[in-house]
Amino acid sequence: MTADTYVDRARSRVRDEQEAVRAKQDAFEQFIDHVSSLPAATVPSGTGVTATVGTQFQTDDQCRAVRNAFEETIRPHSCETVEDPEPLLQTIKAEFTESIAAALASTTPTTFSPEIKRAILTEANSRQTETAALLQALDTELDSLETAAETVTEITGWLVDSNERPLTDCGFDALRRRHEQLATYREHCDTLARERQTDLQRTTSQTLDAGIRHRELVAYLYRAFPVDHPVLATAVRLDSLCAGCQRTVREHLVRRV
């Protein structure tokens, strides 16, 4: 039966995303550790993130080391969904800020000052916090899907088993019990839909800055699906199936009276 396909696909999609996000979280951790270990040069105060030293372009060894560390750790995970290859500095700009990307450019006469190092680590830690919030949101989504799957599996399993016995072989009491069971399952579908709507209204985060609206997460996760909301679509589909079965059972009950 195809009624549970969307929920099953959604669970697989979330597990794949969890794996990718955990890998990116590890990449941020490695990058932060590497940058933290680099010594910062002493520069005059007030120079800011895009400080320059002289008029001749020079490549700072530490800045090169930061670029290499970013390319080896974060970039592979940042560019997973990018169709065309992009320059390294463009990826740095996308993950951090334009000023950091400019400061790390080989054509910029920048010294790896304490200010620059602090700015890079601040952005990296901020992105890591966002990644942790995303993982938390994905955990919440998977829990919701697992709960939905239990209901879906129970109903679809019962429908499959019931269909193996023709209604013409059922007596009045058996038909009545089947009708009541279908009514119960329709209530389960309604409960599933209402609980899912509640889940979609939530914001998963411990901090406001890293807040993730669950409805936005769902839109991102299932953008390639044929339906926008796999759980709601499944609940509606199952309810429709149960309603159709109820009508057929009622027709047989009427004939028995």
Side-chain angles (χ1 to χ4, degrees), residues 4-36 69-82 91-97 100 118-154 188-189 191-236:
D4 64 339
T5 300
Y6 294 142
V7 173
D8 286 341
R9 287 184 58 188
R11 292 160 74 191
S12 296
R13 173 71 182 92
V14 172
R15 292 190 184 103
D16 289 343
E17 188 68 15
Q18 284 178 317
E19 183 178 349
V21 173
R22 289 192 186 99
K24 190 170 185 179
Q25 188 177 46
D26 291 341
F28 273 113
E29 185 67 34
Q30 295 172 24
F31 176 80
I32 291 170
D33 288 345
H34 189 89
V35 174
S36 297
F70 183 94
E71 186 167 20
E72 293 171 359
T73 58
I74 299 174
R75 191 185 191 193
H77 306 283
S78 181
C79 294
E80 282 181 332
T81 58
V82 178
T91 310
I92 294 176
K93 176 183 175 181
E95 287 290 348
F96 297 150
T97 66
I100 288 178
R118 184 161 50 249
I120 294 171
L121 290 175
T122 296
E123 287 298 323
N125 278 291
S126 177
R127 295 290 288 114
Q128 190 176 44
T129 298
E130 294 172 0
T131 304
L134 177 55
L135 269 178
Q136 182 181 350
L138 289 170
D139 289 342
T140 300
E141 173 64 0
L142 186 58
D143 288 342
S144 178
L145 293 174
E146 296 289 3
T147 299
E150 292 177 1
T151 298
V152 170
T153 300
E154 178 184 353
H188 289 350
C189 290
T191 299
L192 176 60
R194 285 188 284 104
E195 290 178 347
R196 183 59 175 174
Q197 290 283 13
T198 299
D199 290 341
L200 292 174
Q201 300 302 321
R202 293 175 179 169
T203 297
T204 307
S205 176
Q206 296 179 351
T207 64
L208 293 177
D209 292 340
I212 298 176
R213 294 185 182 278
H214 210 77
R215 188 177 295 276
E216 295 175 357
L217 175 67
V218 166
Y220 159 73
L221 286 172
Y222 311 126
R223 63 190 185 280
F225 279 33
V227 294
D228 295 332
H229 298 283
V231 174
L232 293 178
T234 300
V236 171

ask   = Would you say the side chain of Arg196 lies within less than 4.5 Å of the side chain of His229, judging by non-hydrogen atoms?
value = no

ask   = Going by heavy atoms in the side chains, are Ser36 and Leu121 under 4.5 Å from each other?
value = yes

inquiry  = Within the structure provided, determine whether Leu134 and Leu217 are in side-chain contact (heavy-atom separation under 4.5 Å).
reply    = yes

note = Rounded to the nearest 0.5 Å, the CD1 atom of Ile100 sits from the CD atom of Glu123 at a distance of 4.5 Å

message = Are Gln201 and His214 packed together at the side-chain level, in the sense that at least one heavy-atom pair is separated by less than 4.5 angstrom?
response = no

inquiry  = What's the separation between atom OG1 in Thr122 and atom CD1 in Ile32, rounded to the nearest 0.5 Å?
reply    = 10.0 Å

Side chain to side chain contact (heavy atoms under 4.5 Å, CB included) between Thr97 and Lys93, worked out = CA-CA 5 Å; Thr97 66; Lys93 176 183 175 181; over 6 Å; no

key: Heavy-atom donor-acceptor pair, Thr73 side chain to Ala69 backbone, under 3.5 Å   = yes

Test: Arg13 and Glu17 ion pair at under 4.0 Å = yes

ask   = Would you find a donor on one side and an acceptor on the other, under 3.5 Å apart, between the side chain of Thr131 and the backbone of Arg127?
value = yes

ask   = So which heavy atom on Pro230 is nearest to which on Val7, and how close?
value = O-CG2, 4.3 Å

query = Distance only, no hydrogens: is a donor on one side chain within 3.5 Å (strictly under) of an acceptor on the other, for Thr191 and Arg194?
reply = yes

task = In sequence, state the C-alpha distance, the side-chain angles, and the governing distance for Ile74 and Gln30, and then conclude on side chain to side chain contact (heavy atoms under 4.5 Å, CB included).
result = CA-CA 9 Å; Ile74 299 174; Gln30 295 172 24; over 6 Å; no

task = Indicate yes or no: does Arg223 engage Glu216 in a salt bridge with an N to O separation below 4.0 Å.
result = no

task = Flag the pair Asp199 / Val231 as yes when at least one side-chain heavy-atom distance between them is below 4.5 Å, and no otherwise.
result = no

key: Exercise: identify the closest heavy-atom pair between Asp228 and Val218   = O-CG1, 3.9 Å

message = For Arg15 and Arg11: C-alpha separation, side-chain torsions, deciding distance, then whether side chain to side chain contact (heavy atoms under 4.5 Å, CB included) applies.
response = CA-CA 6 Å; Arg15 292 190 184 103; Arg11 292 160 74 191; 3.7 Å; yes

query = Does some side-chain heavy atom of Leu232 sit less than 4.5 Å from a side-chain heavy atom of Leu200?
reply = yes

inquiry  = With side chain to side chain contact (heavy atoms under 4.5 Å, CB included) as the criterion, how do Phe70 and Thr91 come out once you've worked through the C-alpha distance, each side chain's angles and the decisive distance to 0.1 Å?
reply    = CA-CA 9 Å; Phe70 183 94; Thr91 310; 3.7 Å; yes

Heavy-atom pair of closest approach, residues Glu71 and Pro76 = O-CD, 3.3 Å

ask   = Do Arg9's NZ or CZ and the ring of Phe225 fall within the cation-pi criteria of under 6.0 Å and 45°?
value = yes

ask   = Distance from Leu135 atom CG to Leu142 atom CG, nearest 0.5 Å?
value = 11.5 Å

query = Phe28 versus Glu95: any side-chain heavy-atom pair under 4.5 Å?
reply = yes

ask   = Hey, does Tyr222 have a side-chain heavy atom less than 4.5 Å from the side chain of Val14?
value = yes

ask   = Parallel, tilted or perpendicular: which fits the ring planes of Phe31 and Phe96, with parallel below 30° and perpendicular above 60°?
value = tilted

task = Considering only NZ, NE, NH1 and NH2 on the basic side and carboxylate oxygens on the acidic side, decide whether Arg22 and Glu19 come within less than 4.0 Å.
result = no

task = Assess the side chains of Glu29 and Gln128: does a donor N or O sit below 3.5 Å from an acceptor N or O?
result = yes

